[in-house]
Amino acid sequence: MKIEAIHLREIQMPLAHPFETSFGVTTGRRILLVEIEADGLSAWGECVAGEHPYFSDEQVDTAWLITEHELAPRLLNAEIASGRDCPALFEQVRGHRMAKAALENAVWDLDAQQQGIPLAKLLGGTRDIIPCGVSIGIQPTPEQLMDAVAKEVAAGYQRIKLKCKPGWDSEIFAMVRERWPNILLSCDANSAYRLDDAGHIASWDQFNLLMIEQPLWYDDFYFHAQLQRRINTRICLDECIRNRRDAHAALELGSGKIINIKVGRVGGFTEALAIHDIAQEFGIPVWCGGMLETGIGRAHNIALSSLPNFSLPGDVSASKRYWSQDIIEPEVTVSPTGTITVPTTPGNGFTVRPDRIGRLTVRSRTLHRGQPIAS
Ligand code: OSB
Ligand code: MG
């Protein structure tokens with residue numbers, strides 16, 4: 001395929017509820033969307049870079065810059081057969097994986113449309129429905145946290161993940177476990193602890209957590225291996241897994257026993273699939289993480305979650321938990337048993353709403369075929 005035009009748009013969308021992690025509070029999102037056009041078809045990709053470089057070193061403005069000046073021109077000068085050709089095309093640009101993923105994922109989506117098959121099938125998906133969990137942010141009070149958990153348990157979600165940090169951990173886990181002894185419960189520290197906290201973290205074994213997500217440094221999997229040897233609960237790696245080599249090294253080291261795959265964090269579907277496969281070879285389950293996506297990123301997460309080794313509930317949940325109105329139709333909905341049905345129509349199975357996107361857009365730019373790479 002020859003991509004004829006690429007549209008970059010930044011939209012701004014208020015979150016239905018503020019989301020607090022150990023690295024900060026998000027009340028509204030600034031999101032870079034890309035739209036690619038070829039052969040009369042158009043496909044969208046969502047860049048999951050945040051407003052600040054707190055989760056990773058990327059941020060929406062760096063992603064815009066790199067997409068406009070480096071990545072989009074490369075795509076607009078190439079002839080490619082599938083999304084699998086994107087990593088090589090973008091290889092000269094180091095890092096910037098979230099920016100790369102937005103374009104690569106749009107190419108996969110376009111390919112699925114051209115072939116008239118569901119994106120999930122193109123990726124190798126085998127599931128008709130995917131199991132869903134939720135990520136519950138740090139709340140102003142423990143009472144509010146209990147209310148939030150009660151709401152999501154009642155909605156049917158299959159796994160509850162609690163964001164935690166020093167001072168918002170053991171007491172909270174104890175309260176939740178006391179009221180819900182049998183739910184699948186996990187926590188996510190987003191790198192808020194240090195190896196000196198190993199004894200404290202080991203004390204969480206009593207809460208029977210499914211996993212503890214990224215307790216230590218965002219760029220470490222060496223000391224995570226030391227921590228994993230000192231605790232019984234499985235560590236799940238998120239931030240530190242950038243590519244298949246990281247996954248391979250981390251699994252060989254014993255840094256964790258579960259991997260959260262975020263397609264943006266690892267640079268696109270090609271790398272996400274490779275991590276899925278290597279984890280499977282090691283007998284390690286994976287699940288699909290979330291980055292407070294709109295429906296566009298959410299649709300791509302659903303397709304990815306349909307692969308066989310995505311055997312644990314992911315952080316892919318209903319549009320209405322994040323947005324008063326999503327930018328796709330239909331919105332993503334979750335069944336009373338905590339599942340999402342994988343679409344079976346060609347492409348990602350959802351329709352983008354250009355009218356809504358238009359109203360939310362704060363800047364846009366279109367690049368055409370032959371656009372030179374900035375010198
Ligand atoms: O670490 O998984 C994370 C949101 C923003 C940045 C990092 C993370 C998260 C979440 C929310 O946990 C997942 C979601 O519901 O989209
Ligand atoms: Mg995480």
Side-chain angles (χ1 to χ4, degrees), residues 13 15-31 46-60 97-98 101 130-139 148-149 151-152 155 157-165 168 185-193 209-221 224 234-242 250 256 258-266 286-302 304-305 312-323 326 332 334 338 340:
M13 268 172 100
L15 279 170
H17 311 280
F19 188 77
E20 182 169 350
T21 67
S22 64
F23 59 74
V25 188
T26 309
T27 53
R29 296 292 330 279
R30 293 176 58 200
I31 300 170
E46 174 167 347
C47 177
V48 300
E51 296 69 43
H52 301 277
Y54 299 166
F55 173 82
S56 79
D57 45 18
E58 287 185 84
Q59 176 268 356
V60 59
R97 291 180 299 279
M98 293 174 175
I130 60 164
C132 307
V134 286
S135 174
I136 300 185
I138 294 164
Q139 303 292 315
V149 175
K151 182 177 168 195
E152 305 301 4
Y157 284 103
Q158 297 186 18
R159 184 269 285 141
I160 302 290
K161 154 172 146 185
L162 306 175
K163 290 291 191 179
C164 67
K165 64 177 182 183
W168 185 269
L185 185 66
S186 70
C187 70
D188 185 358
N190 288 111
S191 310
Y193 298 89
L209 301 176
L210 174 64
M211 62 195 149
I212 299 170
E213 193 175 335
Q214 198 74 30
L216 305 179
W217 303 268
Y218 75 94
D219 57 355
D220 167 79
F221 45 77
H224 278 86
R234 286 179 284 183
I235 290 176
C236 171
L237 302 170
D238 176 356
E239 280 89 328
C240 67
I241 304 299
R242 301 163 300 176
I258 296 175
I259 296 178
N260 165 344
I261 298 183
K262 288 179 179 163
V263 63
R265 192 194 70 225
V266 305
V286 302
W287 54 276
C288 184
M291 292 290 286
L292 313 177
E293 289 93 343
T294 73
I296 293 172
R298 216 160 277 280
H300 287 172
N301 287 342
I302 294 167
L304 183 64
S305 302
L312 294 172
D315 276 345
V316 184
S317 55
S319 298
K320 68 168 190 229
R321 294 190 64 245
Y322 306 84
W323 317 111
D326 206 340
V332 174
V334 171
I340 293 174

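Ligands are counted one by one from 1 in listed order, and the atoms in each one are counted from 1 as well. On a predicted model such as this, the values are computed, not experimentally measured, just so you know.
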State whether the shortest distance between N or O atoms of [X] and N or O atoms of ligand 1 falls below 3.5 angstrom.
{"X": "L292", "value": "yes"}
{"X": "R321", "value": "no"}
{"X": "K161", "value": "yes"}

Does the [X] side chain pair with the main chain of [Y], one donor and one acceptor, at a distance under 3.5 Å?
{"X": "N301", "Y": "S305", "result": "no"}
{"X": "R159", "Y": "L210", "result": "no"}
{"X": "R97", "Y": "V266", "result": "no"}
{"X": "Q139", "Y": "G137", "result": "yes"}
{"X": "R298", "Y": "S317", "result": "yes"}
{"X": "Q214", "Y": "D238", "result": "yes"}
{"X": "S319", "Y": "V332", "result": "yes"}
{"X": "Q158", "Y": "P131", "result": "no"}
{"X": "N190", "Y": "S22", "result": "no"}

For [X], counting its heavy atoms only, list the atoms of ligand 1 lying under 4.0 Å from any of them.
{"X": "N190", "value": "1 (O), 3 (C)"}
{"X": "Y322", "value": "14 (C), 15 (O), 16 (O)"}
{"X": "D238", "value": "1 (O), 2 (O), 3 (C)"}
{"X": "K163", "value": "1 (O), 2 (O), 3 (C), 8 (C), 9 (C), 10 (C), 12 (O)"}

Which residue owns the protein heavy atom closest to [atom], what's the atom, and how far is it?
{"atom": "atom 6 (C) of ligand 1", "answer": "M291 SD, 3.6 Å"}
{"atom": "atom 2 (O) of ligand 1", "answer": "K262 NZ, 2.9 Å"}
{"atom": "atom 13 (C) of ligand 1", "answer": "G290 O, 3.3 Å"}
{"atom": "atom 4 (C) of ligand 1", "answer": "F19 CE2, 3.6 Å"}

*Please state which part of T26 comes within less than 4.0 Å of ligand 1, counting heavy atoms only: side chain, backbone, both or neither.*
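Looking at T26 and ligand 1, no heavy atom falls under 4.0 Å.
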_Please report the interatomic distance CD1(I235) to CG(L216), rounded to the nearest 0.5 Å._
6.5 Å
*Atom CZ of F23 and atom OG of S191: how far apart are they, to the nearest 0.5 Å?*
9.0 Å
*List-wise, which protein N, O or S atoms are found short of 2.8 Å from the Mg ion (ligand 2)?*
D188 OD2, E213 OE2, D238 OD2
*salt bridge (charged side-chain N to carboxylate O under 4.0 Å, His left out): pairs with one or both residues in residues 17-28, sequence neighbours excluded*: E20-K165
*asked:* Looking at ligand 1, is there an atom of it that comes within less than 4.0 Å of some heavy atom belonging to E213?
replied: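 For ligand 1, residue contact (heavy atoms, under 4.0 Å) with E213 is present.
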